[in-house]
Amino acid sequence: MSRELGPGGHTRVRRLPEKARYDADTVFAILDEARFCHLSGNVDGLAMALPTLHGRIGETLYVHGSKSNAIIKAALAAGQA
């Protein structure tokens with residue numbers, strides 16, 4: 001049986017929540033099949049998105065990006081990266 005990865009306060013699907021899946025097998029399968037991802041966040045009151053490449057080893061997700069990018073810089077400053 002796969003463990004659940006959510007939902008959390010920031011990861012809960014609000015539109016058509018009955019279609020959401022939070023089990024690790026489903027989440028990891030989606031990540032492994034995707035060719036790229038988007039990191040998004042609110043930085044200094046502005047919504048931002050960063051299209052980027054990603055890769056996963058075990059339960060660790062690696063994303064390509066520069067530490068000078070506003071979204072990555074904000075995540076690092078908040079201790080979320």
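Both backbone and side-chain heavy atoms feed into the values below; hydrogens, waters and symmetry mates do not. Here the structure is a predicted model, which is why all the values come from computation and not from measurement. Sequential numbering from 1 along the given sequence is applied to the chain's residues.
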Shortest non-hydrogen contact between L53 and F36, atoms and distance: CD2-CB, 4.3 Å
pair E18-L16: side-chain heavy atoms closer than 4.5 Å: yes
Can I get a per-line list of side-chain donor-acceptor pairs under 3.5 Å for residues 39-51, giving both atom names and the distance, sequence neighbours left out?
from	atom 1	to	atom 2	distance (Å)
N42	OD1	G45	N	3.1
N42	OD1	L46	N	3.3

Side-chain hydrophobic cluster, 4.5 Å single linkage: members besides I30: none
Qualifying side chain to side chain donor-acceptor pair (under 3.5 Å) pairs with a residue from residues 54-67, counting only residues at least two apart or across chains: R3-E59, D32-R56, S66-S68
Approximate separation, where rounding is to 0.5 Å, of T52 OG1 and I72 CD1: 6.5 Å
